[in-house]
Peer 1: 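After the structure tokens below, expect a handful of questions from me.
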Amino acid sequence: MSEAFFRIDNFSCGYPGFKLSGINLSLEKGSFNGIIGPNGSGKTTLFRGITSAIATLEGTISLKGQQLDRLSLKERAQQMAIVSQFVDVDQVSVEDYVLMGRMPYHGRFQFFESKDDYEIAHNYMQLTDVLKHKDKLMTELSGGEQQRAAIARALTQEPELLLLDEPTSHLDITHQVRILDLLHRLNQEMGLTVLMVVHDLNLASEYCDRLVLFNDGKLFTQGTPDEVLTFDTIEKVYRTPVITRTNPYSNKPVIFLVSEKMMKETKASES
Ligand SMILES: Nc1ncnc2c1ncn2[C@@H]1O[C@H](COP(=O)(O)OP(=O)(O)OP(=O)(O)O)[C@@H](O)[C@H]1O
């Protein structure tokens with residue numbers, strides 16, 4: 001059997017009051033994957049474990065057959081980029097912030113960016129719609145603009161694997177679609193492998209080939225959106241009833257929320 005592109009084996013990490021355990025996950029090269037699950041189920045904890053922001057308690061993570069913790073920071077950053085849930089902003093211009101994505105490619109005494117670095121950074125700034133803000137300070141951007149700059153920086157790293165923690169949480173619907181379409185295009189055309197935490201089950205369904213559902217610090221189930229986004233699974237994990245249908249255009253599952261008012265009105269009309 002060929003070695004998986006990205007593999008998590010029997011992985012465990014966490015904090016004194018919360019432990020993620022027994023995580024096994026394997027991503028194919030060029031796949032688009034979503035991590036879903038209720039608040040506090042462990043999605044960000046897994047991210048922090050993968051990126052070594054917190055210590056591994058058990059298990060291994062490997063990328064292209066190499067254990068992640070045996071790669072140097074530079075080697076890792078050339079292959080894997082991360083967009084965290086909260087953007088770390090500083091008194092730095094948007095252009096300089098995005099250009100930091102080129103650092104893993106700089107030689108020891110290379111202090112200035114090359115023409116290519118600028119071209120790559122400007123291209124991703126254009127595609128994420130932040131080029132027009134290039135001379136502003138990161139602190140002068142709105143939350144959504146900062147999020148897009150963080151995505152531009154991660155893409156400027158030209159990684160093979162892109163990890164994103166709720167990349168659309170601050171974005172309006174136009175930019176949600178624009179960013180996810182961009183990731184989808186890079187995934188299709190350049191084989192970028194994507195693993196993103198996403199709360200919106202309909203976006204997850206529409207864009208991801210595979211979904212990984214977390215519940216209470218464990219991987220509850222994984223599979224295609226059709227396999228994971230079923231009425232029973234959602235009710236069990238999210239503890240709320242939903243209506244599931246199929247999008248007639250994409251054939252992907254669509255979830256409708258059920259409010260208390262809807263439940264009462266339905267019960268009243270049935271009695
Ligand atoms: N720094 C920390 N120290 C201790 N416990 C933490 C810390 N960060 C998170 N936790 C706990 O770990 C659990 C999982 O948190 P995590 O952030 O992984 O959830 P999540 O699935 O990403 O949730 P959300 O959807 O709300 O972002 C939660 O119960 C949380 O309180």
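Note that ligands are numbered from 1 as they come in the structure, with each ligand's atoms numbered from 1 the same way.
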Peer 1: Judged on heavy-atom distance to atom 22 (O) of ligand 1, which of I36, L20, T44 sits nearest?
Peer 2: T44

Peer 1: Does G42 have a non-hydrogen atom less than 4.0 Å from ligand 1?
Peer 2: yes

Peer 1: Could you tell me the residue and atom name of the protein heavy atom closest to atom 9 (C) of ligand 1, and the distance to it rounded to 0.1 Å?
Peer 2: Y15 CE1, 3.4 Å

Peer 1: Of the protein's non-hydrogen atoms, which lies at the shortest distance from atom 24 (P) of ligand 1, and what is that distance?
Peer 2: N39 ND2, 3.6 Å

Peer 1: Would you say F6 and V197 are hydrophobically clustered, going by side-chain heavy atoms of ILVMFWY under 4.5 Å?
Peer 2: yes

Peer 1: Are K115 and E119 close enough for a salt bridge, meaning some N to O gap below 4.0 Å?
Peer 2: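 So K115 pairs with E119 through a salt bridge.
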
Peer 1: Does this structure show an ion pair linking E160 with K29, if we count only N-O contacts that are shorter than 4.0 Å?
Peer 2: yes

Peer 1: If we check side-chain contact (heavy atoms from CB on, under 4.5 Å) with D165, which of these qualifies: L46, I35, T44?
Peer 2: T44

Peer 1: When you check the side-chain N and O atoms of Q147 and S169, is any donor under 3.5 Å from an acceptor?
Peer 2: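 Yes, a side-chain donor-acceptor pair sits under 3.5 Å.
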
Peer 1: Salt-bridge test for R7 and D9: reply yes if a basic N is under 4.0 Å from a carboxylate O, no otherwise.
Peer 2: yes

Peer 1: Using a 4.0 Å cut-off to any heavy atom of P38, which atoms of ligand 1 qualify?
Peer 2: 21 (O)

Peer 1: Can you tell which part of P16 has a heavy atom less than 4.0 Å from ligand 1: side chain, backbone, both or neither?
Peer 2: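 For P16, there is no contact with ligand 1 at all, from either part.
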
Peer 1: Could you say whether the N/O atoms of G37 and ligand 1 ever approach to under 3.5 Å?
Peer 2: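 Min N/O separation from ligand 1 is not below 3.5 Å for G37.
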
Peer 1: Distance below 4.0 Å between atom 14 (C) of ligand 1 and any protein heavy atom?
Peer 2: yes

Peer 1: Tell me which protein heavy atom sits closest to atom 23 (O) of ligand 1, plus the residue, atom name and distance to 0.1 Å.
Peer 2: G40 N, 2.8 Å

Peer 1: When you compare the side chains of H184 and D181, does any donor N or O come within less than 3.5 Å of an acceptor on the partner?
Peer 2: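 No - no donor-acceptor pair under 3.5 Å links their side chains.
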
Peer 1: Which of these, K43, Q85, K19, has its nearest heavy atom closest to atom 25 (O) of ligand 1?
Peer 2: K43

Peer 1: Atoms of ligand 1 less than 4.0 Å from T45 heavy atoms?
Peer 2: 14 (C), 15 (O), 16 (P), 18 (O)

Peer 1: Any protein heavy-atom neighbour for atom 31 (O) of ligand 1 (distance below 4.0 angstrom)?
Peer 2: no

Peer 1: Any salt bridge linking R102 with E158? Criterion: basic side-chain nitrogen under 4.0 Å from a carboxylate oxygen.
Peer 2: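 Answer for the salt bridge query: yes.
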
Peer 1: Does a donor on one side chain and an acceptor on the other come within less than 3.5 Å for E206 and S250?
Peer 2: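 Yes, side-chain donor-acceptor contact under 3.5 Å.
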
Peer 1: Please list the nearest protein heavy atom to atom 27 (O) of ligand 1 with its residue and the distance rounded to 0.1 Å.
Peer 2: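 The closest heavy atom on the protein side is E166 OE2, 3.5 Å.
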
